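This is a predicted model, so every value here is computed, not measured. Every chain is numbered from 1, with letters handed out A, B, ... down the list of sequences.
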Amino acid sequence: DTAVSQTPKYLVTQMGNDKSIKCEQNLGHDTMYWYKQDSKKFLKIMFSYNNKELIINETVPNRFSPKSPDKAHLNLHINSLELGDSAVYFCASSLWDRNYEQYFGPGTRLTVT
Amino acid sequence: GQQVMQIPQYQHVQEGEDFTTYCNSSTTLSNIQWYKQRPGGHPVFLIQLVKSGEVKKQKRLTFQFGEAKKNSSLHITATQTTDVGTYFCAGSHNYGQNFVFGPGTRLSVLP
């Protein structure tokens, strides 16, 4: 009965490859987010979707493309991976009109070699 | 752009000592949230503050929002080893559409 789940938990890949990370929430939330946490633990928002519509798109390379097939899912596809993409990627969800308390998934540790 | 700073970056305390982390924004915030991330874990929501001068308590944790809504603090009384982790503040200008996280304060508690 995990609230916010992400797959895979670990991802090791080579530069230039394309990879996807999946996120699912079973909390009935209508807003989902992707965050990147670098090696210094800085948490930076990348994207936010409300009811499947993109509402936040921070300055992120267009190699990163989110996709929300429904309110419970938000996937992140990354093209042409670079060394600097190595980080922990967190998915989170919240209710738009309920204090925006965010529930985070366990994270996906991406290592690009 | 909006910046949220936190001090200190690291804090080592003896179990039983108090701990405070401070969060400062370069601009006035609409609301601020606090999260805790255990080593190897994910951020977990602790609390949200909305009103100017607001003070909220959760057992040994006390959260404050400054009068000008540009700063906040988290104080832990009599730390325990279970308090170990990184504490993040996250500020918003538009009531939650976009939260900017501070760099976090990493707390170590020595038994």
Return the option, out of B/Pro103, B/Gly102, B/Gly40, B/Ala90, with the maximum number of heavy-atom pairs under 4.5 Å with chain A.
-> B/Pro103
Pair B/Glu67 + B/Lys69, salt bridge at N-O below 4.0 Å = no
B/Tyr87 vs B/Phe19 aromatic rings, parallel, tilted or perpendicular, using cut-offs 30° and 60°?
-> tilted
Between A/Tyr35, A/Trp34, A/Tyr89, which is the residue that forms a ring-ring contact (aromatic ring centres under 6.0 Å, His included) with A/Phe104?
-> A/Tyr35
Pairs of heavy atoms under 4.5 Å with chain A: top-ranked of B/His42, B/Arg106, B/Gln37 | B/His42
Interchain contact, A/Tyr103 with chain B, by part (heavy-atom threshold 4.5 Å) | neither
Does a side-chain N-to-carboxylate-O contact under 4.0 Å join A/Arg63 and A/Asp18?
-> no
